[in-house]
Amino acid sequence: MKVFVVNCGSSSIKYQLFDMTDESVLGRGVLERLGTGHARLHHTADGTTREMSVAADDHTAGMKMIVEMLVDPKTGVLSSIDEVEGVGHRVVHGAEEITESRLIDEQLLAVIRRNVELAPLHNPPNLAGIEAASAAMPNAPHVAVFDTAFLTTLPPVAYRYAVPEQWYAKHHVRRYGFHGTSHRYVTLRAAELLGKPVEKVNLITAHLGNGCSMTAIAGGVAVDHSMGMTPLEGLIMGTRSGDVDPAIVLYMISRGLSAEEVDRAMNNSSGLLGVSQCSNDMRDVLAAADKGNPKAALAVEMFAYRVAKYVGAYHAILPAVDAVVLTGGIGENSVPVRRAICRRLVGLGVVGDQQRNDQTVGGKDGPITAAGSAMPVWVVPTNEELMIARDTRQVLAGTDG
């Protein structure tokens, strides 16, 4: 079975084509700068990457070009697009209505549209991607895999805010969480690596990249999560502030900023960038810190401190912790940041292993703590696209059955 996975942003289409016989990737790529007049397609297949400028004004035109690439007689990997037996779409927000991946039909599209107000930057391009892929691959069934679905198991004690009941009942103010597909993948993979049934594994998973989030996992189920009603809450991120006193928003408005300016600052000018004043990319911040930049050094320490603080909080509410799992671009590759996190967890019995930490990069998984560490810390590379492909196959198998 061949499954095509689509992840659409407002001006981009990321994609992967899987052969689910062995879960191998036949082709992958990204089409960027849609609608700007300067769109570029990066396509990799059979070990060869091609980059080219393309004329793509919208998602529909872009998807058509991607399909043409996949079936090109010289560089393609398919003889016909009808070889694709299923299309899996990343969709960010399903709110409380969607608890699992679903076959896309008019009813499900209505749910996605209804939740645009909760994810105005994400659900609209997700819808555009569904429409574009449906036009380009009309004979294949399409499946939606929701970022929020894995986190719908959070209990009310974790997802409710202590605000007026009407805010929740009428305006849907609650914790939803994000990165759920990544947290689900590393939960399943970590259980496998630890040799435990997933329903018996207790983890603290940390997706650390430009966006960062953490999840408390009890018996393979999400019971708490660091992001909130929006992705702004929780950890320090590339440009997002993470947790702040909510009164700061009102204070800055009283100082003359508009609500839009405060929102933009907290989402786009804060986090690593706001503290370091040099970059939102952890690699650049670490390089600046190594050169003696005190603001960059502070940004790194604040980042590690916040992660450790959430580990402590989740350790307190879980029945046990089999491992802390680090994933995402920073979690998988940043040896100095992982060392800083482990150093701040010595009070919970974490004993780092420098050799293991140094060696576990570039897509490798494994522990970065010593054999006698009371709380193991593991690195487990995430693979959201593969999780979407697996879900697509499973949904379609259930449909056929």
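Since the structure is predicted, the reported quantities are computational estimates derived from the model, not experimental observations. These values consider heavy atoms only, across backbone and side chains, with no hydrogens, waters or symmetry-generated copies.
- With Thr327 contributing its side chain and Val380 its backbone, the two residues share a donor-acceptor pair below 3.5 Å.
- Although no hydrogens or angles enter the test, the distance criterion places no donor-acceptor pair under 3.5 Å between the side chain of Thr239 and the main chain of Gly271.
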(message) Test side-chain hydrogen bond (donor to acceptor under 3.5 Å, both in side chains) on Glu32 and Ser12; report intermediate values, then the result.
(response) CA-CA 4 Å; Glu32 300 175 299; Ser12 67; over 6 Å; no
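- A donor-acceptor pair is defined here as one N or O able to donate and one able to accept, closer than 3.5 Å; such a pair exists between the side chain of Arg356 and the backbone of Thr369.
- The number of heavy-atom neighbours closer than 6.0 Å to CD of Gln355, taken from other residues, nucleotides and ligands shown, is 12 or below.
- Within a 6.0 Å radius of NZ in Lys14, no more than 12 heavy atoms belonging to other residues, nucleotides or ligands are found.
- Taking 4.5 Å as the limit, some side-chain heavy atom of Leu26 sits within range of a side-chain heavy atom of Lys2.
- Residues Thr21 and Met1 fail the side-chain proximity criterion, which asks for heavy atoms closer than 4.5 Å.
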(message) Please determine whether side-chain hydrogen bond (donor to acceptor under 3.5 Å, both in side chains) holds for the pair Arg339 and Asn357, giving the CA-CA distance in whole Å, both sets of side-chain angles, and the decisive distance to 0.1 Å.
(response) CA-CA 8 Å; Arg339 182 170 61 244; Asn357 192 18; over 6 Å; no
(request) Please lay out, stage by stage, how Arg390 and Glu23 fare under the test salt bridge (charged side-chain N to carboxylate O under 4.0 Å, His left out). (result) CA-CA 9 Å; Arg390 287 176 176 174; Glu23 296 187 339; 2.8 Å; yes
(request) Might you work through the side-chain hydrogen bond (donor to acceptor under 3.5 Å, both in side chains) test for Thr48 and Asp46, ending with a clear yes or no? (result) CA-CA 6 Å; Thr48 301; Asp46 295 327; over 6 Å; no
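- Judged by distance alone, with hydrogens and angles left aside, the side-chain atoms of Thr36 form a donor-acceptor pair with the main-chain N or O of Arg33 at under 3.5 Å.
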(request) Apply side-chain contact (heavy atoms from CB on, under 4.5 Å) to the pair Leu345 and Val307, showing each step before the final yes or no. (result) CA-CA 10 Å; Leu345 293 173; Val307 172; over 6 Å; no
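- Ion pair Arg393/Glu85 not flagged as a salt bridge, since none of the NZ, NE, NH1 or NH2 atoms sits closer than 4.0 Å to an Asp/Glu carboxylate oxygen.
- For the atom pair CG (Asn115) and NE2 (His172), the distance works out to 8.0 Å, reported to the nearest 0.5 Å.
- Here the shortest heavy-atom pairing between Ser101 and Val143 reads CB-CG1, 4.4 Å.
- Here the side chain of Asp243 pairs a donor or acceptor atom with the backbone of Gly234 at under 3.5 angstrom.
- Counted within 6.0 Å of NE2 on His38, heavy atoms from surrounding residues, nucleotides or ligands total 12 or fewer; the atom is thus considered open.
- With hydrogens and angles disregarded, a donor-acceptor distance shorter than 3.5 Å links the side chain of Asn333 to the backbone of Gly329.
- The CG atom of Leu257 lies 12.0 Å from the CG atom of Asp263; values are rounded to the nearest 0.5 Å.
- At a threshold of 4.5 Å between non-hydrogen side-chain atoms, the residues Val5 and Thr392 do not count as touching.
- To the nearest 0.5 Å, atom CD1 of residue Ile66 and atom CD1 of residue Ile81 are 10.0 Å apart.
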(message) Using side-chain contact (heavy atoms from CB on, under 4.5 Å), reason through Leu41 and Val30 one step at a time and then give a plain yes or no.
(response) CA-CA 6 Å; Leu41 176 62; Val30 58; over 6 Å; no
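- Atom CG of Leu154 sits about 8.5 Å away from atom OG1 of Thr152, to the nearest 0.5 Å.
- When all heavy atoms are compared, the tightest approach of Ala206 to Met214 is CB-CG, 3.6 Å.
- The side-chain heavy atoms of His207 and Val186, taken from C-beta on, include no pair separated by under 4.5 Å.
- Between Arg283 and Asp281 there is a salt bridge, since at least one side-chain N of the basic residue sits less than 4.0 Å from a carboxylate O of the acidic one.
- With hydrogens and angles disregarded, a donor-acceptor distance shorter than 3.5 Å links the side chain of Glu261 to the backbone of Ser258.
- Among all heavy-atom pairs drawn from Val285 and Ser279, the shortest one is CG2-O, 3.4 Å.
- Ser270 contributes no side-chain N or O that, together with a main-chain N or O of Arg240, makes up a donor-acceptor pair within less than 3.5 Å.
- Between Cys212 and His179, the shortest heavy-atom contact is N-CE1, 3.8 Å.
- Partner of Thr153 under the side chain to side chain contact (heavy atoms under 4.5 Å, CB included) criterion, out of Ile217, Val221, Val223: Val221 alone.
- Proximity of Lys295 to Val275: side-chain heavy atoms (C-beta onward) are nowhere separated by under 4.5 Å.
- Ionic pairing of Glu97 and Arg114 is present here: one or more N-O contacts between side-chain nitrogen and carboxylate oxygen are shorter than 4.0 angstrom.
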(message) For a side-chain contact (heavy atoms from CB on, under 4.5 Å) check, start with the C-alpha distance between Val92 and Asn126, then their side-chain angles and the critical distance, and finish with the verdict.
(response) CA-CA 8 Å; Val92 167; Asn126 296 160; 3.8 Å; yes
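- Taking every heavy atom of both residues into account, His89 and Val87 meet most closely at NE2-CG1, 3.4 Å.
- Side chains of Ile204 and Leu318 form a contact here, defined as non-hydrogen atoms less than 4.5 Å apart.
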(message) salt bridge (charged side-chain N to carboxylate O under 4.0 Å, His left out), that's the test. Do Glu301 and Arg343 meet it? Break it down for me.
(response) CA-CA 11 Å; Glu301 284 304 314; Arg343 188 175 65 243; 3.0 Å; yes
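- There is no side-chain donor-acceptor pair under 3.5 Å between His43 and Thr49.
- Under a 3.5 Å cut-off, the side chain of Asn123 and the backbone N or O of Ile112 do form a donor-acceptor pair.
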(message) Assess the residue pair His93 and His122 against the criterion (ring pair (Phe, Tyr, Trp, His ring centres under 6.0 Å)); give the C-alpha distance rounded to whole Å, side-chain angles, the decisive distance to 0.1 Å, and a yes or no.
(response) CA-CA 8 Å; His93 220 305; His122 296 93; 9.3 Å; no
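- From Tyr314, atom OH reaches atom CG of Asp224 across 4.0 Å, with rounding to the nearest 0.5 Å.
- A 6.0 Å sphere centred on CZ of Arg40 holds more than 12 heavy atoms belonging to other residues, nucleotides or ligands.
- The backbone N or O of Gly331 lies less than 3.5 Å from a partner atom in the side chain of Arg338, making a donor-acceptor pair.
- At least one side-chain heavy atom of Leu194 sits less than 4.5 Å from a side-chain heavy atom of Trp378.
- Aromatic ring centroids of Tyr176 and His225 lie 6.0 Å or more apart.
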(request) Quick one: do Arg175 and Glu233 satisfy salt bridge (charged side-chain N to carboxylate O under 4.0 Å, His left out)? Show the steps, please. (result) CA-CA 9 Å; Arg175 182 183 309 281; Glu233 187 180 358; 3.3 Å; yes
(request) Test side-chain contact (heavy atoms from CB on, under 4.5 Å) on Leu34 and Asp57 and set out the steps. (result) CA-CA 6 Å; Leu34 281 170; Asp57 292 331; over 6 Å; no
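- For the atom pair CD of Glu384 and CG of Asp391, the computed distance is 12.0 Å after rounding to the nearest 0.5 Å.
- Stacking of Arg174 on the aromatic ring of Tyr161 is not recorded, the 6.0 Å distance cut-off and the 45° axial limit not both being met.
- Between Arg344 and Lys309, the closest side-chain pair of non-hydrogen atoms is not below 4.5 Å.
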